[in-house]
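Start at 1 and go down the list; that is how both ligands and their atoms are numbered. For reference, positions follow the sequence shown, starting with 1.
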Amino acid sequence: MSKVCKMRIHQFGGNDVLLADQVECSQPDAGQVLVSVHAASVNPVDFKIRSGKYPAVKEDRLPYTLGRDVSGVVEKCGAQASRFNHGDEVFSIVGICGGGYSEEVVVDEDALAAKPSGIDHIHATAIPLAGQTAWQGLFRHGGLRAGQSVLIHGGTGGVGHFAIQFAKARGARVLTTVSTENVKFAGALGADVVIDYRTQRFEDVASDLDMVFDLIDGETRERSWNVLKKGGVLVSTLTEPSQEKAKQFGVRAMRYTVEADGDELAEIAALVTAGKVKPHIQKTFPLAAAADALASVERGHSVGKIVLAVA
Ligand SMILES: NC(=O)c1ccc[n+]([C@@H]2O[C@H](COP(=O)([O-])OP(=O)(O)OC[C@H]3O[C@@H](n4cnc5c(N)ncnc54)[C@H](OP(=O)(O)O)[C@@H]3O)[C@@H](O)[C@H]2O)c1
């Protein structure tokens, strides 16, 4: 059986634990699809997993191939996977078993969608995990509707830059916090009010909001309760918000984990095809330089997405 290159960790630690291994090709189970990876994107969850700080990935999953996003071409379909055919261009979140930093990966068929036709694999792979996190946070959990207002903390990172565009496409009023260097970028994404968190306190600008979408946590979260209107909602991708505080301020508050959903990804793909949403690529690295790509994301100031070019 032929071998493929996978960027794997055999132990948890710093970037030096990431190794390029030659591994036998995986085979898809009945409901799965084997994808030949053209591009994989890098997410903060990858360095959390690498360092052993992600609860769902413990020693029993080692050796572990990093990577939760791919765009590529269908190589082989499992016996009961019938939605796609050999040669189709697809993109997807990769399950918690990982595998995106690789020349080939097995993905559940239900997680896949057809790659938007107008963009290449580099741009497509930027979308699934960050895009679906933004979509689910705003709409599934936040219930954001046209005419409502949302403050997005961290509006120019992977999740944030999609959240601004999705909320605008839905007809919401968008406020966002970003650093000085990214004020222009956030405005170009469509944000109505861009708050430079280095020079301004968002509480001085924002009040009576329907939603806070918190991608930052810590003191940013704690200062956010006050800007919500009664009946508003705080949605976080990080730690569980205090229900006591939520009650005190008369709002809902929750933390969630993104879920793969091919139908939802297809809905996002339609917005991309229509030109209403554009993934922004900050930088591309070759697969072999995955450790450098991960170090870049770990610095915590990504503008859009960092992507690995695989094929
Ligand atoms: N629960 C889930 O399922 C889930 C899914 C995806 C992501 N996440 C988590 O959500 C967080 C965001 O993910 P991501 O992919 O968007 O991360 P990312 O691409 O690394 O972006 C982080 C952004 O935060 C900004 N930032 C840093 N400090 C800030 C502050 N004090 N105020 C406002 N912005 C600040 C940075 O911009 P500046 O350079 O402008 O500071 C950067 O753009 C990560 O912690 C990630 O692990 C959770």
Side-chain angles (χ1 to χ4, degrees), residues 41-51 53-57 66-69 93-96 100 111 125-138 140-142 151-166 174-189 191 193-203 205-206 212-224 227 234-241 254-261 264 279-283 293-307:
S41 92
V42 181
N43 291 287
V45 68
D46 301 341
F47 66 75
K48 292 176 189 178
I49 289 173
R50 186 212 63 212
S51 59
K53 291 184 183 145
Y54 196 74
V57 181
L66 292 175
R68 301 288 313 279
D69 273 322
I93 288 183
V94 176
I96 194 59
T125 196
I127 299 170
L129 192 130
Q132 290 190 263
T133 301
W135 190 271
Q136 290 169 22
L138 292 172
R140 194 187 286 185
H141 302 288
L151 170 61
I152 299 165
H153 286 307
T156 49
V159 178
H161 91 293
F162 284 119
I164 292 176
Q165 297 180 73
F166 293 160
V174 175
L175 300 83
T176 187
T177 53
V178 305
S179 62
T180 315
E181 302 76 34
N182 294 329
V183 167
K184 250 195 194 154
F185 177 60
L189 292 172
V193 179
V194 181
I195 304 162
D196 177 350
Y197 71 80
R198 294 199 205 277
T199 61
Q200 281 175 292
R201 287 177 67 80
F202 60 83
E203 310 89 300
V205 181
V212 170
F213 190 28
D214 179 22
L215 308 172
I216 301 300
D217 216 350
E219 63 120 7
T220 299
R221 150 93 57 84
E222 286 318 305
R223 288 163 45 212
S224 293
V227 304
L234 185 149
V235 178
S236 169
T237 57
L238 291 147
T239 57
E240 201 66 58
M254 77 202 60
R255 186 255 170 216
Y256 70 100
T257 299
V258 63
E259 289 171 5
D261 178 341
E264 180 187 80
H280 177 82
I281 308 302
Q282 181 177 16
K283 195 168 174 188
L294 204 45
S296 176
V297 171
E298 200 164 2
R299 282 193 280 277
H301 295 287
S302 297
V303 182
K305 297 286 300 177
I306 302 279
V307 168

(request) Nearest 0.5 Å please: distance from the NZ atom of Lys48 over to the CG atom of Asn43. (result) 10.0 Å
(message) Out of all atoms in ligand 1, which are within 4.0 Å of some heavy atom of Leu215? Include the element for each.
(response) 11 (C), 12 (C)
(message) I'd like to know whether ligand 1 has Lys48 as a neighbour, heavy-atom separation below 4.0 Å.
(response) yes
(request) Could you name the option among Thr239, Val159, Thr133 that has the heavy atom nearest to atom 14 (P) of ligand 1? (result) Val159
(message) Nearest 0.5 angstrom please: Thr156 OG1 to Ile164 CD1, how far?
(response) 7.0 Å
(message) Using a 4.0 Å cut-off to any heavy atom of Asn182, which atoms of ligand 1 qualify?
(response) 38 (P), 39 (O), 40 (O)
(request) Please work out whether the ring planes of His280 and Phe185 are parallel, tilted or perpendicular, with thresholds of 30° and 60°. (result) tilted
(request) Please write down residue, atom name and distance for the protein heavy atom closest to atom 26 (N) of ligand 1. (result) Ile216 CD1, 3.5 Å
(message) On a heavy-atom basis, I'd like to know which of Gly155, Gly131, Gly154, Ser179 is closest to atom 38 (P) of ligand 1.
(response) Ser179
(request) List the closest protein heavy-atom neighbour of atom 43 (O) of ligand 1: residue, atom name, distance to the nearest 0.1 Å. (result) Ser302 O, 2.8 Å
(request) For a side-chain hydrogen bond (donor to acceptor under 3.5 Å, both in side chains) with His153, tell me which candidate from Asp217, Thr177, Thr176 qualifies. (result) Thr177
(message) Students should be able to answer this: which protein heavy-atom is nearest to atom 19 (O) of ligand 1, and at what distance?
(response) Gly158 N, 2.8 Å
(message) For Arg255, state whether at least one heavy atom is located under 4.0 Å from any atom of ligand 1.
(response) yes
(request) Check each atom of ligand 1 against the heavy atoms of Tyr256 and keep those under 4.0 Å away; list them by number with element. (result) 1 (N), 2 (C), 3 (O)
(message) When you measure from the side chain of Asp69 to the backbone of Leu129, do you find a donor-acceptor pair of N or O atoms at a distance under 3.5 Å?
(response) yes
(request) Give the numbers and elements of all ligand 1 atoms closer than 4.0 Å to a heavy atom of Val258. (result) 2 (C), 3 (O)
(message) Has Arg255 got a side-chain atom pairing as donor or acceptor with Val235's backbone, closer than 3.5 angstrom?
(response) no
(request) Could you list which atoms of ligand 1 come closer than 4.0 Å to a heavy atom of Thr177? (result) 33 (C), 34 (N)
(message) Keeping Glu222 on the side-chain end and Gly218 on the backbone end, is there a donor-acceptor pair under 3.5 Å?
(response) no
(message) Given Gly300, Pro44, Gly157, identify the one with the heavy atom nearest to atom 15 (O) of ligand 1.
(response) Pro44
(request) Answer yes if the side chains of Glu264 and Gln132 hold a donor-acceptor pair under 3.5 Å, and no otherwise. (result) yes
(request) Report yes if some N/O of Tyr197 lies less than 3.5 Å from some N/O of ligand 1; otherwise report no. (result) yes
(request) Run down the list Val42, Asn43, Thr237 and name the one with the heavy atom closest to atom 4 (C) of ligand 1. (result) Thr237
(request) Report, in ascending order of atom number, the atoms of ligand 1 lying under 4.0 Å from any heavy atom of Leu129. (result) 6 (C)
(message) At under 4.0 Å between heavy atoms, is it the side chain or the backbone of Leu238 that contacts ligand 1, or both, or neither?
(response) side chain
(message) Determine whether a donor-acceptor pair (N or O, by modelled atom type, separation under 3.5 Å) exists between the side chain of Gln282 and the backbone of Gly304.
(response) no
(request) Apply side-chain contact (heavy atoms from CB on, under 4.5 Å) to Val193 and list each qualifying residue two or more places apart in sequence or on a separate chain. (result) Arg173, Leu175, Ile195, Val205
